[in-house]
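Take a look at the structure below.
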Amino acid sequence: MKCVLIRGGIVVNADHERRADVLCVGDRIVEVGLDLKGADGAQVIDAGGAYVMPGGIDPHTHMQLPFMGTVAADDFFTGTAAGLAGGTTSIIDFVIPAPRQPLMDAYRTWRGWAEKSASDYSFHVAVTWWDESVHADMGRLVEEEGVNSFKHFMAYKNAIMADDEIMVNSFSRALELGAIPTVHAENGELVHTLQQRLLAAGISGPEAHPLSRPPVVEAEAAQRAIAIAEAMGVPLYIVHVSCTESADAIARARARGLRIYGEVLAGHLVVDESVYLNRDFASAAAHVMSPPFRDAAHQSSLWNGLQSGSLHTTATDHCTFCASQKAMGETDFTRIPNGCGGVEERMAVIWDAGVNSGRLTPSEFVRITSANAASIFNIYPRKGVIAAGADADIVVWDPQATRTLSASTQFSKGDFNIFEGRTVRGLPAYTITAGSIAFARGDLRAERGQGRYVHRAPFSTQFNANQLRNERNVPRAVERSL
Ligand code: URQ
Ligand code: ZN
Ligand code: ZN
């Protein structure tokens, strides 16, 4: 039985930090305390001067996603391996059924793809169409497969866009099941119209991408999704919140007692829209993702949201496309596959820009890179905490180590790095996944297929029913039947 003893470090959880050793046996943490001894043959990690934190959870990735006529460059092995090199030990990826494709069929396909993962993984399932079979499959996914979150793309008209009818039906079903709806909040109709107008005006390069998706396009959708969630009496998780307007909408809703959660991408915290003005097509196109990188003024709203607790998690939306793939949109920006990388850099970028700047304490860093995602998606305290009984998913963090981030040294299979040239201080020294040392001071030992599918139980439907009862908008007659 494998045994790892991490000695001499400062253990940091979301709620406190303390000097303690950590003993892992098999795939679990078995003891946290002072002067621990490992079994004979235990692997000992000297964590003196380092922080010992819960492994990062990235709640938003798209490994080997078939999208816009191509497939993302990182598959479930290379993408999770890259994540381990950056201190991330779990991902929540997305099953995205084509319209009219049975959800269970798509789910089985993604499950097959993910078997090669090097670290633990789970899935949000997208609802891209609606009929009674979708209603039934959502039930099977929750009750039999451990899915407790359903995604709705409000963008991508004529592809995977969910309109209001789909969202109302799906949100209502999620409430019955104790699942949480999540949304990509951009108004797909507005995007489509703005794209056509830009093309008609002869503006076809990557510089048009942000012009077709201004903050108002995101804010409208975020507010609409919040309204639908409120009317349906269900919580809501908004992915990749990128602008002040959306962050403010979430804060206002939360101030009224609504359970709205917001996610922020590492890229949106430090990269701004000037990247689209680069005359080099490959560089500008490499940054085409949605929502686009914004004017730097929006970044302080996102940091304020994370610091104040009105925004909750950080992610990457890791969906890498190489230059040859991005070139599909060389004459028409709407054909540039949307997506960027980041799964490897998220933790270091947020530590450097967040903790080193004084915006975040180490515990707040753990909250937004691991613990909150575990709580919101109902896998806490199995994950997101250093405690006896938790999975041995751990990152030993060297706060003094420095590195200049670059595509030339990344493990990701992408050929571009949106953080290119950024020097960060604070890096993983060791990453342990399910009790195995997968990354050790630059040496990546990720094992294909070592990752496990993580079942996520639904939230108590009683909780949701109670919440429904508390909703002002539940007619008395309905209440009696609850
Ligand atoms: O929209 C998403 O989250 C997927 C399709 C990745 N691409 C992106 O531009 N964000
Ligand atoms: Zn999205
Ligand atoms: Zn995404």
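We count residues from 1, following the sequence as given. First listed ligand is number 1; within each ligand, the first listed atom is number 1.
Contact between Gln410 and Asp415 at its shortest, heavy atoms only, is NE2-N, 4.2 Å.
Residue His60 approaches the Zn ion (ligand 3) most closely through its N/O/S atom NE2. Of all N, O or S atoms in Asp317, the one lying closest to the Zn ion (ligand 3) is OD1.
Against a heavy-atom cut-off of under 4.0 Å, His60 is close to the following atoms of ligand 1: 3 (O). Per-residue contacts place His184 under 4.0 angstrom from the following atoms of ligand 1 (heavy atoms of the residue considered): 1 (O), 2 (C), 3 (O). Listed by atom number, the atoms of ligand 1 under 4.0 Å from Met289 heavy atoms are 9 (O), 10 (N).
Seen from the Zn ion (ligand 2), atom ND1 of His184 and atom NE2 of His240 lie 90° apart in angle, a value rounded to 10°.
Using modelled atom types, one side-chain atom of Glu218 and one backbone atom of Ser242 make a donor-acceptor pair closer than 3.5 Å.
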- Run the numbers on Arg256 and Glu230 for salt bridge (charged side-chain N to carboxylate O under 4.0 Å, His left out), then give the verdict. CA-CA 10 Å; Arg256 292 195 295 112; Glu230 179 173 9; 2.9 Å; yes
- Task: Apply side-chain contact (heavy atoms from CB on, under 4.5 Å) to the pair Arg254 and His312, showing each step before the final yes or no.
- Result: CA-CA 12 Å; Arg254 292 182 59 82; His312 306 83; 3.2 Å; yes
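A cation-pi geometry, defined here as NZ or CZ lying under 6.0 Å from the six-membered ring centre and within 45° of its normal, holds between Arg111 and Tyr453.
Of the protein's non-hydrogen atoms, Ser290 N, 2.7 Å is the one closest to atom 9 (O) of ligand 1. Atom 3 (O) of ligand 1 has its closest protein heavy atom at Asp317 OD2, 3.0 Å. The protein atom (non-hydrogen) at minimum distance from atom 4 (C) of ligand 1 is His62 NE2, 3.4 Å.
If you check the side chains of Asp248 and Thr244, you find no donor sitting under 3.5 Å from an acceptor.
Ring pair Phe94/Phe153 is tilted by interplanar angle, where 30° to 60° counts as tilted. Aromatic ring pairs are classed by plane angle as parallel below 30°, tilted from 30° to 60° and perpendicular above 60°; the pair Trp397 and Trp351 is tilted.
If you look at Asn338 next to ligand 1, the close heavy atoms, those under 4.0 Å, come from the backbone and the side chain alike.
Residue contacts with ligand 1 include Tyr156, since one of its heavy atoms falls under 4.0 Å from the ligand.
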